[in-house]
2 protein chains.
Amino acid sequence: MARDTKAAILDVAQDLIQTRGANAISYRHISERVQIRKASLHYHFPTKAHLLEAVLARYCGTFLCLVDDILGSNEPAARKLRRYIGLFDAALRAEAGAKICLCGMLGAELASLESPAVAQIQRFYRQNAERVARILEAGRETGDLRFAGEAKSLGLLLFSLLEGAMLVARADGGSKRFRRVAEQFLLLVRP
Amino acid sequence: MARDTKAAILDVAQDLIQTRGANAISYRHISERVQIRKASLHYHFPTKAHLLEAVLARYCGTFLCLVDDILGSNEPAARKLRRYIGLFDAALRAEAGAKICLCGMLGAELASLESPAVAQIQRFYRQNAERVARILEAGRETGDLRFAGEAKSLGLLLFSLLEGAMLVARADGGSKRFRRVAEQFLLLVRP
DNA sequence: GTCTATAGCGCGATAGAC
DNA sequence: GTCTATCGCGCTATAGAC
């Protein structure tokens, strides 16, 4: 069915972009993994820009839903942060091979992307930083966390840290090193 | 002179890679900025891999020297950290256009690079994390800084944070937002 | 050292049969 | 929806004149 093929293409494209980057993959790479010919991909996604936008939209939507699940739960702030960190760690641990956040990868490639994609990436960054800030602020109010400064700054800090730590840990140390850095962050904000 | 041409090529290539990424640039892009024909570039750097390795080697060497200058100075730890942060901020502030750390960009593109480059990037990460850890440990001993956990973990944390914050801030907020995140980090480790 | 010219390839995208 | 075939382009790299 069309819908399955479309989803399969998105799956493979997303995986390849998270691993190698949008500028390092081609319709041929995708067609070799989805059982379909290169030209047929254009039926589902006329141009590479269309495909990229679809991958981005799906990823951002799914990811933000997972984050909102965490926000809506009744858990201590430290537990929420660990679950949030786990969302990123999952990509590093992927059995298919270490990946980084889709929007981290595309953030690096930002200057070679078209503006709708750039706007989506900016929105992803803002939404994440803002949600992390909410967890932090709530944790500070309950006394579950302690830190100086504004929750908004610290939210952006943690989000930036996770994006950077994925990048660095993928090159050296993997998920284990990533989790070590994340735990070190938690040490800094525990009372 | 040959040496000037070579250096000019390296300058332009480095700038383009920090802005757009190694996978998004070509010999043509470089030749348009250096006053030389596309084919002539191959005289200085036979292949793209050679060029990339030369850019990397020069960047890592220069950057580590600047870091070691900071380490060797007689300043309080917080001041050393601010100077270290300034090394990254300089790329974001570049008048030619916002850039990220060369090794941050290449870390994203890691899966599409050849192994000598990968090894150089890993080394850059380790050397930076280790030097930051030394600043942090010394600062803790003098009472200039206060933090829980191991200096080694926190060194990797700060380095990862700066790489991630460059990426995120380039997309949204620029140098100003980057410095805000860096100052928030300092708040967390001040006594 | 730098040039012009070009080989050879992979790419994104389209046309048209089925 | 998927196929085969192909166009036209930009790329890395090389050959050979100057």
Side-chain angles (χ1 to χ4, degrees), chain A residues 1-58 105-106 108-118, chain B residues 1-56 58 105-106 109-118:
Chain A
M1 266 161 281
R3 198 167 189 180
D4 290 357
T5 302
K6 212 155 188 157
I9 295 168
L10 287 172
D11 288 343
V12 168
Q14 182 185 320
D15 189 274
L16 283 170
I17 296 171
Q18 286 186 260
T19 305
R20 301 175 47 88
N23 289 327
I25 65 158
S26 70
Y27 275 48
R28 198 171 71 88
H29 293 121
I30 297 167
S31 77
E32 281 167 3
R33 288 224 221 157
V34 187
Q35 224 57 339
I36 200 177
R37 293 298 188 153
K38 189 175 69 131
S40 308
L41 294 169
H42 289 277
Y43 171 79
H44 300 281
F45 303 99
T47 73
K48 225 181 156 183
H50 286 102
L51 174 57
L52 181 63
E53 276 207 61
V55 169
L56 248 179
R58 194 185 64 157
M105 180 64 83
L106 296 177
E109 296 179 308
L110 204 75
S112 63
L113 303 179
E114 292 170 27
S115 57
V118 172
Chain B
M1 269 161 279
R3 196 166 192 181
D4 290 355
T5 303
K6 211 155 189 158
I9 295 167
L10 287 173
D11 288 343
V12 168
Q14 181 185 320
D15 188 273
L16 284 169
I17 296 172
Q18 286 186 259
T19 305
R20 302 175 46 88
N23 290 325
I25 65 158
S26 70
Y27 275 48
R28 197 171 71 91
H29 294 119
I30 297 167
S31 77
E32 281 167 3
R33 288 225 220 157
V34 187
Q35 223 58 337
I36 200 176
R37 292 299 187 153
K38 192 174 65 131
S40 308
L41 294 169
H42 290 276
Y43 171 80
H44 300 280
F45 304 100
T47 73
K48 225 180 156 182
H50 285 104
L51 174 58
L52 180 63
E53 276 207 61
V55 170
L56 248 179
R58 194 185 65 158
M105 179 64 84
L106 296 176
E109 297 179 307
L110 204 76
S112 62
L113 303 179
E114 291 170 25
S115 57
V118 173

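Order of the sequence lines fixes the chain letters, A, B, ..., with proteins taken first and strands second; residue numbering starts at 1 for each chain. Basis for what follows: all heavy atoms, side chains included, without hydrogens, waters or symmetry-related copies.
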Return the polar atom pairs (N/O with N/O) between nucleotides 10-14 of chain C and the protein under 3.5 Å, or none.
from   : atom 1 : to      : atom 2 : distance (Å)
C/dC11 : OP1    : A/Ser26 : OG     : 3.0
C/dC11 : OP2    : A/Arg28 : NE     : 2.7
C/dG12 : OP1    : A/Lys48 : NZ     : 3.3
C/dG12 : OP2    : A/Tyr27 : N      : 2.9
C/dA13 : OP2    : A/Lys48 : N      : 2.9
C/dA13 : N7     : A/His42 : NE2    : 3.1

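The local environment of CD in B/Glu114 is sparse, with at most 12 non-hydrogen atoms from other residues, nucleotides or ligands closer than 6.0 Å.
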(request) Carefully, step by step, assess B/Thr19 and B/Ile25 under the rule side-chain contact (heavy atoms from CB on, under 4.5 Å). (result) CA-CA 10 Å; B/Thr19 305; B/Ile25 65 158; over 6 Å; no
(request) Evaluate the criterion side-chain contact (heavy atoms from CB on, under 4.5 Å) for residue pair A/Gln18 and A/Met105; output intermediate values, then yes/no. (result) CA-CA 6 Å; A/Gln18 286 186 260; A/Met105 180 64 83; 5.9 Å; no
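With sequence neighbours excluded, no residue forms a ring pair (Phe, Tyr, Trp, His ring centres under 6.0 Å) with A/His50.
Between the side chain of A/Lys48 and the main chain of A/Ala22, a donor-acceptor pair closer than 3.5 Å is present.
At C/dG1, one or more side-chain N or O atoms of B/Tyr43 fall inside 4.0 Å of OP1 or OP2 (strictly under the cut-off). Residue A/Thr5 places none of its side-chain N or O atoms closer than 4.0 Å to OP1 or OP2 of D/dG1.
Counting heavy atoms from C-beta outward, A/Leu106 and A/Glu109 have side chains that approach closer than 4.5 Å.
The nearest whole Å value for the distance from the CZ atom in A/Arg37 to the C1' atom in C/dC18 is 15 Å.
Taking only side-chain atoms of A/Ser40, from C-beta outward, the nucleotide of C/dC3, D/dC3, C/dG1 with the closest atom is D/dC3.
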